[in-house]
Every structure is written in structure tokens, then in C-alpha cells.
2 protein chains.
Amino acid sequence: MGAVPERDESEFLANYDPRAYDPVAVTVDVVALTIRDGALHVLLVRRGNAPFAGMWALPGGFVHAGGPVRGDDAEDLPEAAVRELAEETGLSAKGGALGRVHLEQLGTYGAPGRDPRMRVISVAYLAFAPELPDPEAGGDAADATWTAVDALGLSESGEQRPGTTRRLAFDHARILADGLERARAKLEYTPLATAFCGGEFTIPELRAVYEAVWGEELHAGNFHRKVLSVPGFVESTGATSDRGGRRGGPRPRLYRAGDARLLHPALLRPSREEEIR
Amino acid sequence: MGAVPERDESEFLANYDPRAYDPVAVTVDVVALTIRDGALHVLLVRRGNAPFAGMWALPGGFVHAGGPVRGDDAEDLPEAAVRELAEETGLSAKGGALGRVHLEQLGTYGAPGRDPRMRVISVAYLAFAPELPDPEAGGDAADATWTAVDALGLSESGEQRPGTTRRLAFDHARILADGLERARAKLEYTPLATAFCGGEFTIPELRAVYEAVWGEELHAGNFHRKVLSVPGFVESTGATSDRGGRRGGPRPRLYRAGDARLLHPALLRPSREEEIR
DNA sequence: TTGAGTTCTACTCATGCTGAGACTTACTCA
DNA sequence: TGAGTAAGTCTCAGCATGAGTAGAACTCAA
């Protein structure tokens with residue numbers, strides 16, 4: 001990063017042969033999450049090509065490395081993640097529906113044998129999106145849909161329970177489980193729940209995000225107090241929603257995301273005794 | 001992960017040519033941290049070969065992919081991290097000094113141009129170690145030492161301040177900065193500070209770990225109360241240290257790590273107002 | 001040997017955050 | 001129009017925290 005190579009490195013580089021090593025491929029896979037109908041959904045594509053043709057998978061694909069074969073189109077890892085998301089779903093990357101998604105690196109999965117073709121190292125990304133239009137399949141994907149996470153029968157250990165109809169290819173069940181756990185944790189100490197909402201939202205809508213991701217009901221009054229008391233979490237627009245709740249109740253006020261990057265104090269999920277040991 | 005390939009995949013795999021893509025290399029780099037003389041130290045090696053020969057770097061190297069060139073020695077990513085750590089430092093991996101280190105994945109760095117040789121994707125690991133013997137250089141390393149983190153002049157943005165003598169190769173300053181921030185955060189909500197101590201330790205020793213990593217003095221009384229009140233953080237051995245503090249004071253009692261995996265409630269670092277916005 | 005200085009451990013107290021519940025008000029739907 | 005629902009505010013008890021005090025045990029130097 002800004003460091004200057006030594007003098008005699010040019011000679012070294014001229015004689016360097018990358019083909020002297022065993023080949024490895026690098027892919028990106030994206031765990032894209034959104035809230036639909038009050039439930040957490042993940043974007044899945046149906047694989048059109050081998051391996052695992054016909055099974056469901058996270059959107060993703062090979063990183064453009066840049067080099068002699070395909071030309072000098074080297075792309076950075078987050079770029080590759082956005083490109084794959086756009087290609088396989090038909091959603092437009094810049095300014096379009098994907099413009100406002102939060103994207104962060106989740107982890108890298110590289111166990112030998114996880115891809116039958118060759119040694120593949122997959123860098124997984126996690127995306128939080130407000131409600132997006134239905135995707136259109138493209139690229140390698142035969143189909144692409146938002147799928148309710150609950151319908152995938154994921155256990156905490158990263159496997160799908162027997163009897164689940166929509167089975168995931170590769171080690172994507174493990175990656176998705178890790179992504180969900182990361183999302184649950186991030187809601188505690190960052191304001192990223194607002195990334196699931198549109199530009200303006202109500203506190204009950206924000207609470208619905210927490211309830212969908214954590215799978216738990218929260219105390220409405222305490223949640224309200226907490227959100228307003230954490231500095232920079234939300235800021236008031238002064239406006240009021242034009243409708244009350246679905247089944248009655250007064251019209252909630254509208255807020256937008258504040259400028260905080262961390263919630264302090266954090267908004268901890270209730271009772272996680274099981275996870276502590 | 002347990003999924004069975006479809007019937008006609010064998011034909012597909014027989015015709016698959018991994019060389020049809022631009023070559024990418026995958027490396028692992030390790031941010032190995034320990035406490036020496038009350039200060040946080042990181043393991044650095046002096047590069048013996050180009051690129052960046054003579055500069056300091058995190059221990060690391062290429063992952064053995066397995067395949068036709070080098071033989072079927074495919075290794076998983078954490079394995080590669082432990083192997084590189086052992087090779088470049090002379091510390092023995094299994095049962096030896098490296099036997100009790102905590103290892104976790106930190107993140108993956110793959111910007112085009114970060115390595116002048118070719119497109120290199122580096123998977124970084126973070127290791128927490130109790131006080132280890134001085135390393136012996138090996139492998140590609142011309143030298144290997146524990147270096148005080150404070151001496152590297154790292155800014156929060158992941159760059160070295162001008163005037164720092166020991167300059168880091170590649171984007172290793174960025175990786176190290178990310179590793180330090182991860183370590184600081186992990187001490188808050190996990191009992192991993194105990195991984196910096198030996199098998200038995202005193203509460204003042206544990207406090208010294210927190211103070212070294214956070215760079216802040218803690219209130220001794222409150223720290224003591226907190227550590228003992230969090231369930232599963234430490235358990236008593238019943239024994240007492242055979243010496244008081246360096247400059248006086250009663251002999252502290254000895255504890256060992258408990259069975260908790262998360263601290264609840266967390267042990268938050270004081271006053272981070274700056275980091276919130 | 002003694003005394004000054006240090007530190008472990010335990011305690012107190014004020015403050016602030018949290019969970020649980022009650023209550024008022026405003027809205028939807030039948 | 002009335003029953004049911006939910007937003008927003010409030011109260012109260014319990015717990016965790018930060019800050020300070022105090023006693024006892026130890027090291028080190030005079």
C-alpha cells in the first residue's frame with residue numbers, strides 16, 4: 001500500500017511464472033438479506049449449470065482476476081460482489097435498486113473439496129437491502145427469488161434439516177448460517193437495521209426489522225424509548241405516517257437514519273443464555 | 001457440504017479446464033498477538049525474497065492448493081495459517097508452543113495490485129498467544145521477532161505514520177490495524193483475554209492484558225468485581241501466587257479460564273465517544 | 001529491622017440502563 | 001358506533017457501572 005518495490009524487483013517480476021503453481025479459483029458469494037411481509041428473506045438463485053445444476057445457491061461467481069486470458073478487467077472483491085448480484089438478479093447496480101444496499105465482507109470459505117471442479121476459495125459478502133423488486137434471473141442463474149429464511153430449515157450448526165425441500169449447493173448453508181448470525185449481532189451494536197428500511201420509516205417498522213431478524217417479539221414501549229435515547233440512531237422528520245397500523249392504532253411518526261455508526265449503549269437481544277457456554 | 005452431485009456432472013468435470021481462467025494466487029497472512037513486558041506485540045518477519053525483500057511483513061505464504069503441479073497436498077485455510085506460522089518462526093505447531101493459540105479468520109484482502117507479482121488474494125488470520133519464546137527465522141523469512149505494536153506508528157486508518165522505521169510490506173499495515181481493532185472488540189464480549197495468559201493467572205495479570213490491548217488504565221476494584229461476577233469467565237484454583245506485585249502488595253489469587261464463550265454482560269471499554277459517529 | 005510506598009480485595013454509594021407493566025390516546029374494521 | 005388494536009408516555013423495581021474508601025499484605029530501600 002504505497003510502498004515502493006526495491007530496485008532489482010523488475011528482473012524478478014519478469015521471470016516470475018504464475019503457472020508454476022497449482023491453480024486456484026476465487027469466487028464471491030453474496031448473502032443478500034431483506035425483510036418481506038415481516039419475515040427475513042434471502043436472495044437465492046437456481047443453478048443453471050453444473051455443478052449442482054438445479055439446486056439453489058447464493059448468488060455469486062468467479063472474480064475477474066485480470067490477466068492474459070480474459071483481458072485486463074481486474075476487479076476488487078466488493079466490486080465483484082455487486083456485479084454478481086446485479087448479473088444474476090437483473091437489479092441495476094449503480095443508482096438503481098442496488099444503490100443503497102449495505103455491503104460488508106462476511107468471511108472466506110476454502111476447504112478442499114467444497115467445489116468438485118477444482119480448488120475454489122470463496123469470499124462471502126453480506127448485504128442488507130430495503131425491500132427490493134423481485135429479481136430476474138440472468139447469468140448462470142436459471143431462476144432467482146427472495147426466499148423466506150425460515151423455510152430453509154437451517155440449524156445453528158450450518159446444516160439444513162432433513163425434509164427441507166429447497167436444498168442449498170456447495171457449503172452455502174454454512175455461509176448463510178454465518179451471515180444470519182452476523183446480521184443478528186450487527187443489529188445489536190450498529191444502526192444497520194435502518195438499512196432494511198426505506199429512507200423514511202416509523203419506529204414500529206424498525207422494531208419489525210429487529211423482530212424478523214432476531215425471531216423474537218420485543219417490548220414496544222421499551223424499544224421506542226431505547227431507539228430515541230441512543231444518540232444518532234434516528235432523527236425525526238417531523239412528519240407522521242398517513243395511516244395507522246394494519247389493525248388500528250394511532251399514526252406513528254416518521255424518522256430517518258441518524259449519523260451514528262455505533263449504538264451506544266448497544267441494543268442487546270433478550271435472553272441468550274444458551275449461546276453463552 | 002454433504003450434497004450429492006448430479007448424475008451427468010462426471011462428464012462435465014472430465015472436460016473442465018481450470019487453466020482457461022486468469023491465474024490467481026491465494027495466500028494466508030497471520031496477525032499473531034501476544035503480551036510482552038506489559039505491552040502488546042505482533043509477530044513480524046523480515047522478507048528474504050522479492051517482492052519487498054528486506055521489509056517487514058506478517059508471517060504468511062501461499063496456500064497449498066493441491067493438484068497436478070505440487071501433488072495432492074491440499075490444505076484447509078486454518079491449516080495453512082498454522083503451517084506458515086510454524087515455518088517462518090521455528091515454533092512447533094502441534095503440542096508445542098503453538099498448541100494453545102487461539103486462531104480465527106480476520107478477513108480477506110484482494111485489491112488488484114496489492115502484490116506486484118500477480119493477482120493475490122490474501123486470507124488474514126488473527127492469533128492470540130500467551131507469552132511465546134523468541135521465534136527463529138525460517139522459510140522465506142530472513143528474520144522474525146516480536147515487535148511492540150506501538151513502535152509501528154499505526155493510524156486508525158491503517159497506515160503507518162511518516163518517520164516509522166520498521167515499514168510493513170504489501171497492505172500489511174491495513175491488515176494489522178484491522179486485526180488490532182478486532183482484538184480490542186473481542187476482549188469486550190468474549191473471554192479471549194485469557195488466551196494471552198498461561199494456564200493459571202491472576203486477576204491483575206488479566207487486567208494487564210486488557211490495559212495493553214486497549215491502551216487504557218482500568219479501575220482495579222471494578223475490574224476485579226466484574227471478572228468474578230460474569231459467569232464462566234474465570235474459575236478459582238484455590239491457590240495463591242507465590243509473590244506479591246513487583247512493587248509490593250498482597251499475593252493475588254490464581255484462576256484459570258472458565259467455560260464461557262461469551263461474556264454476559266460484556267466488559268465494555270470506557271469512553272469511546274470518538275468512534276461512535 | 002523498620003517504615004514508606006504499593007497493590008489486592010472488599011465494601012459503599014450515587015447514577016443510569018433495563019424489563020415489566022399500566023395508561024392515555026388515536027386509529028381500523030366490522 | 002363500538003370493540004379491538006397499537007403508538008407513545010410514564011412509573012417502578014432490579015441490576016450494572018463508575019468512583020471512591022478502607023484494611024490487610026506485601027516489596028523495597030534506608
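By convention in this document, chain letters (A, B, ...) are assigned in the order of the sequence lines, proteins followed by strands, and residues within each chain are numbered from 1.
Phosphate contact (OP1/OP2 of C:dT18, side-chain N/O of A:K226, threshold under 4.0 Å): present. For C:dC8, the OP1/OP2 oxygens have no side-chain nitrogen or oxygen of B:R253 closer than 4.0 Å. Between A:H224 and D:dT9 there is a side-chain N or O to OP1 or OP2 distance below 4.0 Å. Note on B:R251: every side-chain N or O is 4.0 Å or more away from OP1 and OP2 of C:dT7.
In terms of position on DNA chain D, the residue among B:P250 and B:L268 whose nearest nucleotide sits closer to the 5' end is B:L268. In terms of position on DNA chain C, the residue among A:R243 and B:G248 whose nearest nucleotide sits closer to the 5' end is B:G248. Nearer the 5' end of DNA chain C, as judged by each residue's closest nucleotide, is the contact made by B:H219, out of A:G221 and B:H219.
The base of D:dG18 is paired with the side chain of B:R225 by a donor and an acceptor separated by under 3.5 Å.
Remark: C1' of C:dC8 and CG of B:L206 are 14 Å apart, rounded to the nearest angstrom. Look at OH on B:Y255: it is 12 Å from P on C:dC8, rounded to the nearest Å. One can place CD of B:E205 at 14 Å from C1' of C:dT7, the figure rounded to the nearest angstrom. For the pair B:N222 CG and D:dG20 C1', the computed distance is 9 Å after rounding to whole Å. Between the C1' atom of D:dT17 and the NE2 atom of B:H264 lies a distance of 15 Å, rounded to the nearest Å. C:dC8 atom C1' lies 9 Å from atom CZ of B:R207, rounded to whole Å. Between the CZ atom of B:R269 and the C1' atom of D:dT17 there is a distance of 17 Å, rounded to whole Å. Between the CZ atom of A:F223 and the P atom of C:dT18 there is a distance of 12 Å, rounded to whole Å.
Judged purely by atom type and a 3.5 angstrom limit, B:T190 has no side-chain atom pairing as donor or acceptor with the backbone of B:L187. In this structure a side-chain-to-backbone donor-acceptor pair under 3.5 Å is present from A:Q160 to A:L152.
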message = For B:R184 and B:E156: C-alpha separation, side-chain torsions, deciding distance, then whether salt bridge (Lys or Arg N to Asp or Glu O under 4.0 Å) applies.
response = CA-CA 13 Å; B:R184 286 190 273 262; B:E156 288 170 28; over 6 Å; no
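Judged by distance alone, the side chains of B:Y109 and B:D178 do bring a donor and an acceptor atom under 3.5 Å apart.
The OG1 atom of B:T237 lies 4.5 Å from the CD atom of B:E200; values are rounded to the nearest 0.5 Å.
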